[in-house]
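None of the values given here were measured: they were computed from a predicted structure.
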Amino acid sequence: MKIDHGNLRALAAVVREGSFERAAAALNVTPSAVSQRVKTLEARMGRLLVQRTVPAAATPDGQVLVQLAEQTALLEHDALDRLGLEGDTLPHASLAVAVNHDSLETWFMDAARLFAARSRATLDLQSEDQDHTATLLRNGSVLGAVTALADPVQGCRIHALGSMRYVASCTPEFHARHFAQGVNARTLASAPVLVFNRKDALQARFARKVMGDAPWQPPVWWLPSSRAFVQATLDGLGWTMNPLPLIKQELDSGRLVPLRARAAEDVPLYWQHWRVNSQAMEALTQSVLAAAGALVRRR
């Protein structure tokens, strides 16, 4: 069965952009043209490929074809690049990559800088919790991901990067006010805590180590920004698990203190990417591995 690449690109654009209208703008065609191409591909495959939701999403069958479209576009870019074709002749390639929030705020932009020096492709960065970036890899939304998942996603290569260290921390004043009697089930239950979003389980994992099976329903500040997290901690709004690279100076100066002696948790991170023989992907992988030297290494 032969698949029309124009129809395939339209499908990938709808899933990537989230709507037929934005896909049309990206492809420089009309929304009706994008819709017709996707319908033609669905008729050819004999199955539904796109869920007409807001945002639009690929069905499980559509995810397979989105992966094919993204891999084909990347290989086309690599082939023409190796031929030395430049300018309008060389199609632009943008690698969709999922990166956890704290890596994006700390070391990953060094990887982007190294990649820019090695490739003419760009990155389409999507920020997500480290426990959930692999989902974007599985459903075809991205070509690579920084993830906490140690098991390879089917069809992907995996590289261990090291660990992001988190420290349960707060201001000395907050500690004196809420933990003067120690960090225990009673004090943790009443002390305000900062949580990134509903997917962020770091604080709950730390509390569980202290409280065991006791219920934990503290006052919560929901704050979906890594750097605002640090500022909110410094402002005394609550305690939280802060990434060590973002608060090392504050810990060294005493502006922040650990909640207790053993207040650190290391979260192992991995780089997973589709198995595709691409120079751009190889350049990105080497850049990620080099930049990840800032992470904590196992001894």
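Criterion: ILVMFWY side-chain heavy atoms under 4.5 Å apart, direct or through other members. Under it, M241 and L104 are part of a common hydrophobic cluster. A continuous path of Ile, Leu, Val, Met, Phe, Trp and Tyr side chains, each step under 4.5 Å between heavy atoms, connects V183 with M211, placing both in one hydrophobic cluster. In the hydrophobic cluster analysis, where Ile, Leu, Val, Met, Phe, Trp and Tyr join through side-chain heavy atoms closer than 4.5 angstrom, L95 is grouped together with M109. Taken together through direct or relayed side-chain contacts under 4.5 Å among Ile, Leu, Val, Met, Phe, Trp and Tyr, Y166 and V193 form part of one hydrophobic cluster. L125 is connected to V288 through a chain of hydrophobic side-chain contacts under 4.5 Å among Ile, Leu, Val, Met, Phe, Trp and Tyr, so both are in one cluster.
Closest approach of A291 and A111 over heavy atoms only: CB-N, 3.4 Å. The shortest non-hydrogen separation linking L246 to V230 is CB-CG2, 3.9 Å. The minimum heavy-atom distance linking A98 with V142 is given by the pair N-CG1, 3.8 Å. Residues D61 and R47 share a closest heavy-atom pair of OD2-CD, 3.1 Å. In terms of heavy-atom proximity, A191 sits nearest to P218 at O-CB, 3.6 Å. Taking every heavy atom of both residues into account, L289 and A160 meet most closely at CD2-O, 4.5 Å.
For the residue pair N242/T233, the side-chain donor-acceptor check at 3.5 Å is satisfied. Between the side chains of S287 and R118, at least one donor N or O lies within less than 3.5 Å of an accepting N or O. For the 3.5 Å distance criterion, the side chains of N184 and Q181 fail to qualify, holding no donor opposite an acceptor. Inspection of the Q36 and S32 side chains reveals no N or O donor paired with an N or O acceptor under 3.5 Å.
Taking the charged nitrogens against the carboxylate oxygens, R205 and E265 do have a contact shorter than 4.0 Å, which makes a salt bridge.
S35 places no side-chain N or O within 3.5 Å of a backbone atom of A33 that could act as its donor or acceptor partner. The closest donor-acceptor contact from the side chain of T187 to the backbone of G182 lies under 3.5 Å. No donor-acceptor pair under 3.5 Å is formed between the side chain of S163 and the backbone N or O of R165. W221 places a side-chain N or O within donor-acceptor distance of the main-chain N or O of L237, the cut-off being under 3.5 Å. No donor-acceptor pair under 3.5 Å is formed between the side chain of S119 and the backbone N or O of F115. Counting only distance, with no hydrogens or angles, the side chain of W216 and the backbone of A207 share no donor-acceptor pair below 3.5 Å. Panel note: side chain D102, backbone E105; no donor-acceptor pair is recorded below 3.5 Å. Remark: the backbone N or O of E17 is paired with a side-chain donor or acceptor of R22 at under 3.5 angstrom. Counting only distance, with no hydrogens or angles, the side chain of S103 and the backbone of F108 share no donor-acceptor pair below 3.5 Å. In this structure a side-chain-to-backbone donor-acceptor pair under 3.5 Å is present from D200 to L202.
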For this session: Could you walk me through whether V267 and Q130 pass the side-chain contact (heavy atoms from CB on, under 4.5 Å) test, one step at a time?
Result: CA-CA 9 Å; V267 177; Q130 65 263 10; 4.1 Å; yes
For this session: Decide side-chain contact (heavy atoms from CB on, under 4.5 Å) for L143 and V97; before the verdict, give the C-alpha distance in whole Å, the side-chain angles of both, and the deciding distance to 0.1 Å.
Result: CA-CA 6 Å; L143 293 165; V97 175; 5.6 Å; no
Problem set entry | Audit row: I3, L65, side-chain contact (heavy atoms from CB on, under 4.5 Å) steps and yes/no | CA-CA 10 Å; I3 302 176; L65 294 182; 4.1 Å; yes
Exercise. When you look at V50 and T59, which way does the side-chain contact (heavy atoms from CB on, under 4.5 Å) test go after all the steps?
Worked result: CA-CA 5 Å; V50 176; T59 65; 5.9 Å; no
Problem set entry | salt bridge (Lys or Arg N to Asp or Glu O under 4.0 Å) evaluation trace for E42 with R52 | CA-CA 13 Å; E42 288 178 327; R52 273 69 170 178; 2.8 Å; yes
For this session: Given side chain to side chain donor-acceptor pair (under 3.5 Å), test Q286 with E282 step by step and report yes or no.
Result: CA-CA 6 Å; Q286 293 305 315; E282 178 62 23; 2.9 Å; yes
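Residue D252 is tested with K248, R255, Q249, E250 for a side chain to side chain contact (heavy atoms under 4.5 Å, CB included); the sole match is K248.
Side-chain contact between N197 and H101: present, with at least one pair of heavy atoms (C-beta onward) separated by less than 4.5 Å. Using a 4.5 Å cut-off on side-chain heavy atoms (C-beta onward), V34 and V14 make contact. Looking at heavy atoms from C-beta onward, F196 lies out of side-chain contact with T240 at the 4.5 angstrom threshold. At a threshold of 4.5 Å between non-hydrogen side-chain atoms, the residues L68 and L8 count as touching. Within the 4.5 Å cutoff, no side-chain heavy atoms of L244 are placed close to those of M164. L75 has its side chain within reach of V276: a pair of non-hydrogen atoms, C-beta onward, lies under 4.5 Å apart. Between D124 and S94 there is a side-chain heavy-atom pair separated by less than 4.5 Å. Between R16 and S141 there is no side-chain heavy-atom pair separated by less than 4.5 Å.
Put simply, CG on L149 and CG on D131 are 9.0 Å apart, with the number rounded to the nearest 0.5 Å. The SG atom of C156 sits 4.0 Å away from atom CG of L137, with the distance rounded to the nearest 0.5 Å. Considering CD of Q154 and CZ of R275, their distance stands at 10.5 Å, rounded to 0.5 Å. The OG1 atom of T285 lies 6.0 Å from the CH2 atom of W271; values are rounded to the nearest 0.5 Å. With rounding to the nearest 0.5 Å, the separation of CG in L11 from CE in M45 is 10.0 Å. To the nearest 0.5 Å, atom CG of residue L188 and atom CZ of residue R208 are 12.5 Å apart.
Listed by chain and number, the residues in a salt bridge (Lys or Arg N to Asp or Glu O under 4.0 Å) with R198 amount to none (sequence neighbours excluded). Looking at residues two or more places apart in sequence or on another chain, you find no side chain to side chain donor-acceptor pair (under 3.5 Å) involving N7.
The local environment of CZ in R260 is crowded, with over 12 non-hydrogen atoms from other residues, nucleotides or ligands closer than 6.0 Å.
Ring to ring, W239 and F206 are close: their centroids are under 6.0 angstrom apart. H159 and Y270 have their aromatic ring centers separated by at least 6.0 angstrom.
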